[in-house]
Every structure is written in C-alpha cells, then in structure tokens.
Amino acid sequence: MFYVPYYRNDSMIIAQVAKAINGESSAIACYAKSAVLAPTEEEKARILEIRQDEMKHLQHFIAIYVSLTGTQPTIQIAQDCPSEYIAGLSYAFKDEQETVEFYSDVADQANDPHIQVTFRRAATDEQRHAVWFLYYLTQHKADVKTTDNPLMTK
C-alpha cells in the first residue's frame with residue numbers, strides 16, 4: 001500500500017461518499033419500483049426490507065458527508081432502473097455486488113474509524129441483498145425453464 005496525503009484522502013473520501021449517496025438514492029427509487037412489480041407478497045416484503053436498509057445507509061452517508069463538508073449533498077438519482085421485474089432483479093443483483101466491492105474499497109481507504117465501520121457494515125448488508133436478489137432471480141429463471149420444458153414438469 002502507498003501513502004496518501006491526508007488532504008488528498010479527505011477529498012477522495014468526500015467524492016466516494018457522494019457517489020455512495022447517489023447510489024443509495026437510486027437504489028431506493030429502483031426498489032420501490034421493483035416492489036410494486038413483485039409477483040408475491042414475500043418478494044415484495046423482502047424488497048421493501050432491503051429498501052429500508054438502503055434508506056439507513058443513505059442517512060449514515062449523508063451524516064458523514066455533512067460532517068466532512070459542512071454542507072448537504074446534492075443528490076442525483078440514476079434513471080436506469082428496468083421496468084420489468086426479472087430485468088430489475090438482475091440489475092439489482094449486479095448493482096449490489098459492485099457496491100460491495102466499492103464500499104469495501106472506501107472502508108480500506110478511509111482514515112476515520114467511523115467511516116471505515118459504516119462502510120464495512122453497509123458492504124455486509126449489500127452482500128446480503130445481492131444474495132436475496134440472486135435467489136429470486138434463480139427462482140424465476142427455474143420457473144420459466146420448468147414451464148417452457150414439458151420434460152421438466154412433474
């Protein structure tokens with residue numbers, strides 16, 4: 001590992017926290033849409049639970065951003081959330097997996113123990129979310145294969 005001057009690390013962390021805020025805001029919007037499209041109450045409830053986790057992450061990240069900058073962040077929500085449920089599950093799974101890596105990197109680069117812990121906890125949540133999205137995605141793909149192939153039905 002190499003030495004990063006404190007001032008450079010601080011501006012880098014601020015940019016990363018801003019990116020995390022935008023990502024969480026986008027996920028919150030996307031998961032609201034996915035919950036409406038969910039075919040079962042179980043899936044809808046789980047997606048809304050994941051959305052609640054994302055809202056907690058957002059609150060923590062905004063608090064970090066304000067403590068570092070003294071200002072409120074400007075939030076930009078991505079508009080690339082799919083309109084079909086299965087495509088949304090796939091999108092969410094990939095996004096959660098990429099976010100795990102990003103949050104782990106932020107935790108590794110941060111000098112502040114509070115920021116490190118906050119991003120590590122969020123990374124753990126994101127990994128758990130990815131598993132749920134993958135589970136539902138796998139279930140629906142298996143259902144499609146079973147109904148499309150009469151040899152696979154019982």
Across all chains, not counting sequence neighbours, the salt bridge (charged side-chain N to carboxylate O under 4.0 Å, His left out) partners of Arg120 are Asp108
Would you say the side chain of Lys44 lies within less than 4.5 Å of the side chain of Pro39, judging by non-hydrogen atoms?
no
Heavy-atom side-chain contact between Gln59 and Glu24 under 4.5 Å
no
Are Phe102 and Leu58 connected in the hydrophobic side-chain network, where two residues link if heavy atoms are under 4.5 Å apart?
yes
Using links of under 4.5 Å between side-chain heavy atoms of ILVMFWY residues, direct or through other members, which residues join Leu48 in one cluster?
none
Sequence neighbours left out, what pairs pass salt bridge (charged side-chain N to carboxylate O under 4.0 Å, His left out) with at least one residue falling in residues 53-71?
Asp53-Arg128
For Lys33 and Ser83 the tightest heavy-atom approach is NZ-OG, 3.5 Å
Residues in ring pair (Phe, Tyr, Trp, His ring centres under 6.0 Å) contact with Tyr103, at least two apart in sequence or another chain
Phe61, Phe119
Are the side chain of Ser67 and the backbone of Ile64 linked by a donor-acceptor contact shorter than 3.5 Å?
yes
Treating Ile, Leu, Val, Met, Phe, Trp and Tyr as nodes and any side-chain heavy-atom pair under 4.5 angstrom as an edge, say whether Ile21 and Val100 lie in one connected cluster.
no
Under the rule for side chain to side chain donor-acceptor pair (under 3.5 Å), what residues qualify as partners of Gln127, not counting sequence neighbours?
Gln97
Hey, are the side chains of Pro73 and Ile62 touching, using non-hydrogen atoms and a 4.5 Å cut-off?
yes
Quick one: list whatever passes side chain to side chain donor-acceptor pair (under 3.5 Å) with Asn22, sequence neighbours left out.
none
Flag the pair Thr69 / Val17 as yes when at least one side-chain heavy-atom distance between them is below 4.5 Å, and no otherwise.
no
Tell me every residue that passes side chain to side chain contact (heavy atoms under 4.5 Å, CB included) with Ser26, counting only those two or more places apart in sequence or in another chain.
Ile77, Ala78
Is there a path from Leu37 to Tyr135 through hydrophobic residues (I, L, V, M, F, W, Y) whose side chains come within less than 4.5 Å of each other?
yes
d(Ile75 CD1, Tyr65 OH) to nearest 0.5 Å is 10.0 Å
Stepwise, does the side chain to side chain contact (heavy atoms under 4.5 Å, CB included) test hold for Ile13 with Asn111?
CA-CA 9 Å; Ile13 291 296; Asn111 293 323; over 6 Å; no
When rounded to the nearest 0.5 angstrom, what is the spacing between OG in Ser34 and CG in Leu89?
6.5 Å
If every non-hydrogen atom of Gly88 is compared with every non-hydrogen atom of Pro82, which pair is closest and at what distance?
N-CB, 3.8 Å
A side-chain contact here means heavy atoms from C-beta on lying under 4.5 Å apart; do Ser104 and Glu101 qualify?
no
Do Ile86 and Leu137 have side-chain heavy atoms sitting under 4.5 Å apart?
yes
Is a side-chain donor or acceptor of Arg51 paired with a backbone partner of Ile28 at a separation under 3.5 angstrom?
yes
Contact list for residues 77-96, test salt bridge (charged side-chain N to carboxylate O under 4.0 Å, His left out), sequence neighbours left out:
none
Where at least one partner belongs to residues 18-116, residue pairs that pass disulfide bond (SG atoms under 2.5 Å apart), sequence neighbours excluded
Cys30-Cys81
Point-to-point distance, once rounded to the nearest 0.5 Å, from CG of Asp125 to OG1 of Thr99:
12.0 Å
With clusters defined by side-chain heavy atoms of hydrophobic residues (ILVMFWY) lying less than 4.5 Å apart, directly or transitively, does Ile50 cluster with Phe93?
yes
Does Arg46 have any salt bridge (charged side-chain N to carboxylate O under 4.0 Å, His left out) partners at least two apart in sequence or in another chain, and if so, which?
Glu49
Using the side chain to side chain donor-acceptor pair (under 3.5 Å) criterion, which residues pair with Glu43? Sequence neighbours excluded.
Thr40, Tyr85, His140
Residues at least two apart in sequence or cross-chain that pass side chain to side chain donor-acceptor pair (under 3.5 Å) with Thr124, listed by chain then number, are none
Calculate, to the nearest 0.5 Å, the distance between atoms CD and CD1 belonging to Gln52 and Ile47 respectively.
13.5 Å
Same cluster or not: are Val131 and Phe133 linked, directly or through other Ile, Leu, Val, Met, Phe, Trp or Tyr residues, by side-chain heavy atoms under 4.5 angstrom apart?
no
